[in-house]
Enquirer: 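Before I ask anything, let me first share the structure, which is written out below as structure tokens.
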Amino acid sequence: MQNILFYIIAVIMLVACWRVATTKNLIHTVLAAFIVLMSTAAIFFMLNAEFLGVVQILIYAGAITIMVLFVVMLTTAGPRYEVTHDKKIKPSMYLSTIVVFATLVFLVSNIQWPMGTTVLQLEDVTETLATKIFLEYLLPFEIASILLLVALVGAVVLARKE
Amino acid sequence: MSIDINYVFLAPELVVLVGGLMVLLFDLYFWRDKNVPLAVLTIATLLIAAGLTLWISGEEGTTAANMLIVDPMSIFFKMVILVSTILIVMLSINYIDQLKTVSLGEYYALILFASAGAMYMAATADLIMLYIALELTSLGSYILAGYRKFDPKSNEAILKYFLLGLIASAMMLYGFSFIYGFTGHTQLASISSSLTAPGSQVVSSVNFAMMAGVILALVAFYFKIAAVPFHQWVPDVYEGAPTPITAYLSVIPKAAAFAVMARLLYVGFPAFVDQWKILFIVLSIMTMFVGNLAALLQTNIKRLLGYSSIAHAGYIIMGFAVVSERALSGILVYVALNIFFNIGAFAIVTALSDSGNSDTLEDYNGLAKRSPFLALTMFIFLIALAGLPPTAGFWGKALIFWAAIEGGLWWLAVIGLINTVISIYYYINIARHMYIVEPAAAEDIKTPSMFRAVIWITVIGTVLFGVLPGAIIEISKTVVKGFGAL
């Protein structure tokens, strides 16, 4: 049952990814990206990582998708802008995609991942995550706030009228 | 549940971060667009941080749940980063007036934040902390590279640097996911011990997952040090960025990336020594040749120095291809002494472009007549960049080549020597423009005092360490002793 569900989600995700890369209409690209992010959330839920799943929906599928839509609407090109691909770079695009894909397939199929038998228990996932973030990974967690500040300051610097 | 935090160990980075916040606030409330007080505050912050770093230099340990490491290696690179940041800030004081930006405080604050990120990179052995630190440095440098907003070249620089940097970070994270997925650890020491533990199932089937992980994880650092084939951003970004920031990019993120590479390879993955040797030999040869041959064709001095810094990365990578104490200490000496002649050369480029000249080689015509001081110091920096004695540029190269010959890779050292000869051609070509070609304009070039100060410091460093390299070589030897798998 779980397997069948996984394959259904995976197929939806792959088709949506393909649409993100190929569609010409920017709004359609954003919507396809939304589907990719939602299916990622679904996979998190299937793995009992319900906190990550909720965060994925709230932040990525919700906030970031809306923000990207705003950007598309507010730029001068507007939502009717059509993405065009330079014909000259198309062969190298396909070539690099195929090479990377082949390498990854080769690698992943040759790896024997260490298999665990423990399944995450639904009730401790969030708690475990919290203790990890606030004890083990406290320093990176705090530095991330400076990182966000730098992003904020940088956005203001770049957007400001000289 | 609690963790022990040793605030003394955390202090140098914290001081730099707090200094950055203070610069932002003072710019907002007290010193609106006042260049000199903000720069003095920035330099004072960096000096305090350097003092604190020296103060803890005798100690060893970790803090904040092993996220931050204090050991001779991290102290060494932190000092390199702090000293070069001070020089870059001094170089910016006169430059930024001419830039007439409205975001003055942010400029200094971003330099501080980016340097703090570089310091964290040099002092961590945890994959998550490494990622956050790398992003902190990268975000700061992306924005600084685009500070000349009126110039389309600067816009191009920031866009190229940003997009390619994102791809490099993404590949690194993908690599980390392989490493974590396979070993279940984010700490390099635990990863290493789980790989070498006898009878662990990880060892038997280790090859592909870990190889993919390590290679992908290294991509972000190849990108930062501009190793071929991750160098395409260098000429455009070096040309478009404000010149002090070009100097920043050619020293600080590179030093941090070399520190991380040393830690990844010697602490994290000494089990793969045979594989990464081959990788680094190939990369080193490609990087040296591409950098030097492309530099021959350049007519813009910033692009030329960009390609020459690619070539320098190639010589340093050669040190990773040879696994020995001498090779690693050669890398340290190279990175440390590089700050003098590299920043010095860029200081002269800044001084010239500040006095209304462009950055083409034609503008260096007859520099000896227009400003004998700039021409002579530039000549010294060029000799150092070419790696000839009696300048600081000689010793790093000499140690690395010596280590290569000792390690049985004499042919790699020969390739390095061939490249050094190629590089002399384009360095001497600049000297020819300065001394032999007649100038187009005759008026003298005025050099503002801060540029003079930076040039004096760097030229004294270049010559002094060139003649008396003993101290720095001794320091690098003690730093290397007992590091990681050595």
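Chain identifiers are assigned alphabetically (A, B, ...) following the order of the sequence lines, protein sequences preceding nucleic acid strands; residue numbering begins at 1 within each chain. Quick note: numbers below take in every heavy atom, side chains included, and nothing from hydrogens, waters or symmetry partners.
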Enquirer: Less than 4.5 Å to any heavy atom of chain B: does that hold for the side chain of A:Leu138, its backbone, both, or neither?
Expert: side chain

Enquirer: Between B:Leu24 and chain A, with a heavy-atom cut-off of 4.5 Å, which part of the residue counts as in contact: side chain, backbone, both or neither?
Expert: side chain

Enquirer: Does A:Phe101, at its CZ atom, have more than 12 non-hydrogen atoms belonging to other residues, nucleotides or ligands within less than 6.0 Å?
Expert: no

Enquirer: Would you mind checking which part of B:Leu130 comes under 4.5 Å of any heavy atom in chain A, side chain (CB onward), backbone (N, CA, C, O), both or neither?
Expert: neither

Enquirer: If you look at every heavy atom in A:Val150 and B:Leu139, which pair is closest and at what distance?
Expert: CG1-CB, 4.0 Å

Enquirer: Can you tell me how far the CG atom of A:Leu147 sits from the CZ atom of B:Phe113, to the nearest 0.5 Å?
Expert: 11.0 Å

Enquirer: Test A:Leu158 against B:Tyr147 for side-chain contact (heavy atoms from CB on, under 4.5 Å), laying out the working first.
Expert: CA-CA 8 Å; A:Leu158 290 179; B:Tyr147 238 79; over 6 Å; no

Enquirer: Go through the steps to decide whether A:Arg160 and B:Glu106 satisfy the test side-chain contact (heavy atoms from CB on, under 4.5 Å), and finish with yes or no.
Expert: CA-CA 12 Å; A:Arg160 205 178 206 184; B:Glu106 288 84 346; 3.6 Å; yes

Enquirer: Please check if the number of heavy atoms outside B:Phe26 that lie under 6.0 Å from its CZ is greater than 12.
Expert: yes

Enquirer: Is a donor on one side and an acceptor on the other found under 3.5 Å between the side chain of B:Lys149 and the backbone of A:Ala159?
Expert: no

Enquirer: CD/A:Glu142 to CG/B:Leu14 distance, rounded to the nearest 0.5 angstrom?
Expert: 10.0 Å

Enquirer: Let me know if B:Tyr120 has heavy atoms under 4.5 Å from chain A in its side chain, its backbone, both or neither.
Expert: side chain

Enquirer: Please flag which part of B:Leu136 lies under 4.5 Å from any non-hydrogen atom of chain A: side chain, backbone, both or neither.
Expert: both

Enquirer: How close do A:Leu135 and B:Ala65 get, counting heavy atoms only, and between which atoms?
Expert: O-CB, 4.0 Å

Enquirer: Can you tell me if CZ on A:Phe51 sees more than 12 non-hydrogen neighbours from other groups inside 6.0 Å?
Expert: no

Enquirer: Where does A:Phe106 contact chain B at under 4.5 Å (heavy atoms): side chain, backbone, both or neither?
Expert: side chain

Enquirer: Would you check, one step at a time, whether the test side-chain contact (heavy atoms from CB on, under 4.5 Å) holds for A:Leu139 with B:Thr63?
Expert: CA-CA 9 Å; A:Leu139 188 64; B:Thr63 186; over 6 Å; no

Enquirer: Assess whether side-chain contact (heavy atoms from CB on, under 4.5 Å) is satisfied between B:Met129 and A:Ile143, documenting all intermediate values.
Expert: CA-CA 9 Å; B:Met129 184 68 204; A:Ile143 304 304; 3.9 Å; yes

Enquirer: Measuring from atom OH of A:Tyr137 to atom CG of B:Asn66, what distance do you get when rounded to the nearest 0.5 angstrom?
Expert: 10.5 Å

